Each structure stands twice: as structure tokens, then as C-alpha cells.
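Here's the structure, in C-alpha cells; my notes come after.
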Amino acid sequence: ENEPSVSITVVGASGDLAKKKIFPALFALYYEDCLPKVSIYFSFINPGLSFCNSNFAYKGYLRNMVSRTLTCRIDKRENCDEKMEQFLKRCFYHSGQYDSEENFAELDKKLKKHEGGRVSNRLFYLSIPPNIFIDAVKCASLSASSGNGWTRVIVEKPFGRDSESSAALTKALKNYLDEDQIFRIDHYLGKELVENLSVLRFSNLIFEPLWSRQYIRNVQLIFSEDFGTEGRGGYFDNYGIIRDIMQNHLLQILALFAMETPVSLDAEDIRNEKVKVLRSMRPLQLEDMVVGQYKSHTKGGVTYPAYTDDKTVPKDSLTPTFAAAALFIDNARWDGVPFLMKAGKALHSKRAEIRVQFRHVPGNLYNRNFGTDLDRATNELVIRVQPDEAIYLKINNKIPGLGMRLDRSNLNLHYAARYSKEIPDAYERLLLDAIEGERRLFIRSDELNAAWALFTPLLKELEEKKIIPEYYPYGSRGPVGAHYLAARYKVRWGDLN
Ligand code: BG6
């Protein structure tokens with residue numbers, strides 16, 4: 001009876017993220033009965049963008065949008081339609097400007113009406129352009145936080161463009177919210193295999209003892225997409241792939257991968273260890289970075305566009321759509337081990353993976369089986385974050401038979417074969433955590449500062465010197481410079497073997 005209610009308001013609900021991720025995730029949580037019993041979901045939409053003007057029309061839109069973009073794990077199930085109708089009964093829409101206190105005060109009234117006098121907790125998900133971010137936070141915290149329970153705000157990147165703008169944003173946010181009300185999302189932290197990294201390391205005896213410079217030759221963090229910035233050029237051109245993927249998604253994975261054992265699994269203990277790793281890293285150097293941009297390519301009669309063919313991108317844009325970098329952690333565990341990152345759009349495949357290449361076996365009795373190419377004989381642990389989640393370990397094995405020949409085979413934990421349960425989308429995990437006040441998978445402000453400190457000097461240098469990206473054809477494996485960069489550290493990219 002007296003259970004507090006939770007009101008979730010998505011500010012910027014007509015945007016792509018809300019359509020493709022936030023609402024499908026909310027529905028999936030609803031379907032699984034994971035959301036608090038008394039909960040309502042508001043869509044805050046800018047009237048200029050609005051295509052419907054009543055709750056009824058809005059629900060029609062929502063039904064359509066959610067079912068179209070639903071992560072397929074729900075729509076195959078029973079009672080989906082029935083659940084959808086129940087879900088929609090809790091969905092409301094509110095039209096207004098994201099930076100208007102008055103419009104937020106109106107939202108407050110509506111929220112109160114639906115909350116029906118209960119203690120109510122309020123979660124705001126800001127999925128809006130960075131330039132109106134602070135105003136929206138201000139309005140939400142001043143005019144729509146009278147729910148007499150907690151108020152939390154989920155914010156999406158970009159958290160600034162560099163150290164200075166990020167610090168300014170943090171300072172401005174602090175005027176309206178306490179740090180523990182701010183949930184900075186990095187959805188890669190909500191991915192199943194990223195979350196599993198700590199389990200792999202800290203609950204298996206066989207990995208952690210090997211997890212250092214003593215046994216690991218290099219670590220590779222690879223992100224690639226087989227499509228370009230289609231439709232997002234306007235946003236992307238102001239940020240580029242380094243800010244879009246490396247400074248956050250890949251760096252977060254790196255921190256989790258490389259951190260020391262935390263005191264406990266509490267959010268603060270984990271984030272303390274992550275920030276230590278970030279602060280032990282050397283800021284990136286221009287010579288340890290390769291940048292690229294995709295150009296048009298015709299294949300099988302189809303012409304794929306160049307990045308600069310996008311109408312919202314200036315013709316002379318130098319913004320990188322690909323980058324490769326070598327990073328180093330100057331601490332006792334990782335001294336001298338290259339952490340190579342590679343991120344790109346419009347490449348030949350879509351994948352995100354972590355590759356750990358181990359050192360050569362000393363005095364290997366079987367060396368002669370590998371000729372001169374000992375790199376091919378080393379163990380490699382691959383954590384395939386997506387698609388087709390898997391963890392596999394490459395080992396040397398005797399080919400059965402009377403001879404003595406070896407090959408490399410995989411010990412393979414293939415999720416689809418091992419687990420019958422579908423993997424929830426990252427946004428489901430993160431939304432649920434925000435509702436439960438679990439901060440483990442959200443970015444603390446000191447982590448953010450440390451992340452920017454690593455990338456800011458390099459980003460400035462790239463822009464000041466107007467470094468020309470290496471052009472690569474749409475759908476290719478990216479600029480050849482990435483190979484030279486890796487070769488400088490005696491590394492071969494594992495995804496190309
Ligand atoms: C976002 C980036 O953070 O992550 C996008 O802004 C990118 O450019 C996306 O496409 C990739 O996420 P996922 O979950 O589809 O791998």
C-alpha cells in the first residue's frame with residue numbers, strides 16, 4: 001500500500017536513443033516484472049518535434065516504436081501484447097521546452113496527479129543535446145523534484161569535449177545535484193561480457209595470477225561497426241571517434257580489465273580501483289595514434305558514401321571516424337605492456353572484443369613446430385563482447401594422429417550454446433541499477449576527469465595541427481597505419497589473423 005512509487009521521465013523522448021534503447025529497455029523490464037509495482041513513465045517531448053498531440057496518439061506512437069525496435073528477446077514471448085497494453089497504461093507524454101522551468105513545473109503537476117499522494121521517487125533520463133543540458137538539469141531539479149522521495153538524473157555522454165568543458169559541466173551540475181544523484185551512463189559497462197570481466201578475473205584461480213606484465217604481452221581493445229555515421233553526422237562531426245568510443249567505452253573496459261582487486265564489490269571500492277588505473281596512465285602522444293576517415297566505395301554495384309557525403313558534415317571535415325592508439329599504464333603490474341585500442345565506423349565487420357595475447361613459452365620444446373613465427377604459437381584469450389558473445393582461449397594442441405604436428409585450437413565458451421537465456425540489453429541493466437541506486441556501473445566525476453586528462457592534450461594537438469586522417473574505403477579493414485602502429489610495439493592485431 002505505502003510502497004513508494006517511481007516516476008521515470010525521459011527528457012528528449014522523441015530522439016533515437018529513446019526510441020531504440022530506453023523505451024524498449026523499460027518495456028523489457030516491465031515485462032519481466034523488474035520495475036517497482038507502482039511506476040509511471042513520462043515522455044518529455046519538445047513541441048517543435050512533436051508529431052502527436054494527445055496521450056492517445058502518443059500511446060499509438062509508443063506502441064509502434066517499442067514493438068518495432070524491441071530487442072527481439074521479448075516479442076517472441078507469450079502475453080507480449082497484453083503486457084504491452086498494461087505498460088502503455090502507465091505511459092504518459094508531456095510536451096514542453098527542455099530548458100523551461102515553467103514546462104517542468106507543469107510536468108511536476110502531472111507527475112503528482114499520477115503519483116496519487118504517495119511518497120514518490122523520481123528518475124529523469126536526459127537524452128538531449130549537450131547545449132541545453134545544464135538548463136534541463138536545473139529545471140528538473142528545481143521544478144520537478146518535489147516527489148518527496150529521491151531524485152536521480154541519468155545523463156548520457158558527451159560529458160563535454162575536453163577537460164575544461166567537462167569540468168565546467170561537472171561544476172554546473174553540482175549547483176543543482178549532489179554527486180550521488182548523478183548517474184553518468186556508459187552503456188558498455190552494462191554489457192554482459194563487460195560486467196563478467198571481474199567475475200572472470202577474480203573468481204577463477206587460473207586467470208588472475210597471469211594478469212600482469214609477467215605473462216601478458218599486449219592487450220587489444222577493438223570496436224568496429226560495419227556502418228557509417230548515417231544520420232548522426234551533425235553530432236558526430238563535433239566529437240569524432242576518439243571522443244565517441246575510445247575516451248569512454250574502450251577506456252572503461254581497459255580500467256576494469258587492468259584494475260587491482262577491489263576491497264569489495266561496492267561501487268566506491270570498484271571505482272576507486274578504476275580511477276587509480278586511469279591516473280597511472282600516460283597521456284596519449286600523437287605518435288602513438290593513427291586517425292582515419294572513410295571514403296566512398298563501390299562494391300557489388302552498390303556505392304557506399306564517404307563520411308563527408310553526409311549533408312550535415314562539412315566537405316573539408318578532418319574528423320576521425322577511425323582511430324588506433326597505443327596506451328601504457330605506468331604501474332608495477334603493467335609497466336611496458338602496450339594496450340592497443342582500435343575503433344572505427346564503416347569497417348568490414350561489426351564487433352567489440354578484448355584480446356589478451358600472452359608471452360612466448362620460455363624454452364618451448366615444441367618451438368620447431370611453429371617455424372619462425374612464435375607469435376602464432378602464443379596463447380590468446382578473446383572476450384567477444386558482441387555480437388555472438390563468447391570467451392575463448394587459443395591453445396596449442398597436438399593434431400590427432402601418428403605424427404607430431406600442432407595446431408591452435410579454441411577452448412570455447414560460446415554463450416548461445418551454453419546458456420539458453422537471452423542476454424538483456426545493456427540499458428536494461430543500467431536502468432534497473434539507477435532505480436535501485438546501484439552506482440557500480442556508472443562513471444564517477446573523478447573517473448571522468450582522469451579520462452579526459454588522458455585524451456585532452458592529444459585531441460587539441462590533432463585539431464590545432466589539422467592532422468589529415470588516413471582515408472580508408474567504406475567496408476574495408478581500416479587504414480594501414482594501424483598495422484604500422486601495432487608493429488612498432490611488435491604486436492599484430494588479433495582480429496586480422
Ligand atoms: C554510442 C556511440 O555510444 O555507442 C555510437 O555514440 C555507437 O556511435 C554506439 O554506434 C555503439 O553501441 P552498441 O551498443 O551498438 O555497440
Side-chain angles (χ1 to χ4, degrees), residues 12 15-25 28 69-73 125-130 133 154-161 166 183-197 221-254 291-294 307 310 312-313 317 319-323 341-354 383-390 415 422-431 441-443 448 451 455 459 474 478 495:
D16 236 28
L17 186 74
K19 270 191 230 171
K20 293 194 179 138
K21 295 292 184 183
I22 306 172
F23 278 100
T69 52
L70 209 55
T71 38
C72 57
R73 60 190 215 93
Y125 196 130
L126 299 190
S127 174
I128 52 175
F133 202 76
I154 299 184
V155 293
E156 273 280 347
K157 72 167 204 296
F159 310 122
R161 291 187 83 248
S166 164
F183 287 68
R184 291 179 199 83
I185 211 166
D186 181 317
H187 77 286
Y188 265 63
L189 292 180
K191 295 206 185 254
E192 188 64 40
L193 272 82
V194 176
E195 217 195 338
N196 187 56
L197 254 180
L221 303 152
I222 297 170
F223 167 97
S224 75
E225 278 179 343
D226 54 2
F227 48 88
T229 57
E230 287 95 323
R232 288 176 77 227
Y235 150 80
F236 192 86
D237 202 59
N238 199 18
Y239 294 92
I241 198 83
I242 301 173
R243 293 183 177 92
D244 192 46
I245 304 291
M246 276 192 172
Q247 181 267 0
N248 34 68
H249 303 331
L250 295 188
L251 191 63
Q252 283 295 322
I253 296 180
L254 185 153
V291 289
Q293 192 187 83
Y294 62 90
Y307 171 63
D310 186 327
T312 53
V313 171
S317 171
T319 301
T321 58
F322 174 97
M341 281 185 185
K342 184 161 78 166
K345 299 213 171 245
L347 293 170
H348 78 295
S349 71
K350 175 166 166 55
R351 67 163 98 193
E353 61 189 18
I354 308 166
I383 298 165
R384 190 161 65 221
V385 176
Q386 66 188 34
D388 203 16
E389 292 80 351
Y415 272 50
E422 290 147 283
I423 295 177
D425 188 75
Y427 281 90
E428 293 173 39
R429 149 101 288 133
L430 294 171
L431 272 165
L441 302 178
F442 293 88
I443 316 290
L448 182 63
F455 282 90
L459 286 164
Y474 194 118
D495 60 328

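All of these numbers come straight from a predicted model, not from anything done at the bench. Read the numbers this way: they start at 1 and go in the same order the structure lists the ligands and their atoms.
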Do Y427 and H187 have their ring centres less than 6.0 Å from each other? yes
Quick one: are Y307 and K345 in side-chain contact, heavy atoms under 4.5 Å? no
Given D388 and Y415, is the side-chain hydrogen bond (donor to acceptor under 3.5 Å, both in side chains) satisfied, shown in steps? CA-CA 7 Å; D388 203 16; Y415 272 50; over 6 Å; no
Assess the side chains of Y235 and D244: does a donor N or O sit below 3.5 Å from an acceptor N or O? yes
Run the numbers for me: atoms of ligand 1, each under 4.0 Å from some heavy atom of K345, listed by number. 5 (C), 7 (C), 8 (O), 10 (O)
For Q386, counting its heavy atoms only, list the atoms of ligand 1 lying under 4.0 Å from any of them. 13 (P), 16 (O)
Any idea which protein heavy atom is nearest atom 15 (O) of ligand 1, and the distance to it? K350 NZ, 3.8 Å
Which word best sums up how the rings of F442 and F183 line up, parallel for under 30°, tilted for 30 to 60°, or perpendicular for over 60°? perpendicular
If you have a sec, work out which protein heavy atom is nearest atom 10 (O) of ligand 1 and how many Å separate them, to one decimal? E225 OE2, 2.6 Å
Side-chain donor-acceptor pair present, D226, H348, cut-off under 3.5 Å: no
Please work out whether any backbone atom (N, CA, C, O) or any side-chain heavy atom from C-beta onward of Y188 is under 4.0 Å from ligand 1, and answer side chain, backbone, both or neither. side chain
Can you tell me the protein heavy atom closest to atom 12 (O) of ligand 1 and the distance? H187 NE2, 3.0 Å
Among K21, E156, K191, K157, which residue places a heavy atom closest to atom 1 (C) of ligand 1? K157
If you scan protein heavy atoms around atom 8 (O) of ligand 1, the nearest is D244 OD2, 2.6 Å
